[in-house]
Amino acid sequence: QVQLVESGGGLVQAGDSLRLSCAASGRTFGSYAVGWFRQAPGKEREFVATVNWSGDTTLYADSVKGRFTISRDNAGNTAYLLMNSLKPEDTAVYYCAAKTGGYTIYPTYDYWGQGTQVTVSS
């Protein structure tokens with residue numbers, strides 16, 4: 001069992017940056033792939049980024065590629081999502097998720113956090 005807690009969300013202006021954190025507790029965090037997803041009001045939950053267990057392989061949605069960076073610190077049981085050049089369309093609740101096996105862009109993760117709100121004003 002893995003418990004995930006996101007933090008770092010907030011209200012920012014377009015062009016600003018935020019770093020989200022995903023703190024994990026429970027079983028060995030380093031054996032899990034981690035993904036970040038987001039859900040805007042009235043929309044489906046969508047993939048943002050994912051990283052494999054070791055942190056050396058990442059994948060991004062086209063909408064965030066070049067602006068967002070996913071990373072992880074297995075010793076600290078934490079994953080991060082650095083978001084630069086934020087746009088109003090990035091406004092959503094952001095969720096981190098963990099799964100055994102390989103990473104994926106699909107929301108088939110075993111464990112989910114409660115989400116953190118990111119609001120970007122124009």
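Numbering starts at 1 and runs along the sequence shown. None of the values given here were measured: they were computed from a predicted structure.
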Who else is in the cluster with Leu11 when I, L, V, M, F, W and Y are joined by side-chain contacts under 4.5 Å? none
Do Arg19 and Leu81 have side-chain heavy atoms sitting under 4.5 Å apart? no
Does a side-chain heavy-atom distance below 4.5 Å link Met83 with Val118? yes
Tyr109 and Thr100: side-chain donor and acceptor closer than 3.5 Å? no
Could you note down all residue pairs passing ring-ring contact (aromatic ring centres under 6.0 Å, His included) where residues 51-107 supplies at least one of them, sequence neighbours left out? none
Any heavy-atom pair between the side chains of Trp36 and Cys22 that's under 4.5 Å? yes
Do Ile105 and Leu59 have side chains that get closer than 4.5 Å, going by heavy atoms? yes
Which atoms form the tightest heavy-atom contact between Thr78 and Gly76, and what is the distance? OG1-O, 2.9 Å
Residues passing the side chain to side chain donor-acceptor pair (under 3.5 Å) test with Ser7, sequence neighbours excluded, are none
Any side-chain heavy atom of Val34 sitting closer than 4.5 Å to one from Thr50? no
Who are the salt bridge (Lys or Arg N to Asp or Glu O under 4.0 Å) partners of Lys43, not counting sequence neighbours? none
Heavy-atom nearest pair, Ser122 first then Ala14, reads CA-CB, 4.4 Å
Tell me, please, which residues at least two apart from Gln13 pass side chain to side chain contact (heavy atoms under 4.5 Å, CB included). Asp16, Ser121
Leu20 side chain reached by Thr116 side chain, heavy atoms, under 4.5 Å: yes
Kindly state each residue pair satisfying salt bridge (charged side-chain N to carboxylate O under 4.0 Å, His left out) with at least one member in residues 70-98, sequence neighbours excluded. Arg38-Asp90, Arg67-Asp90
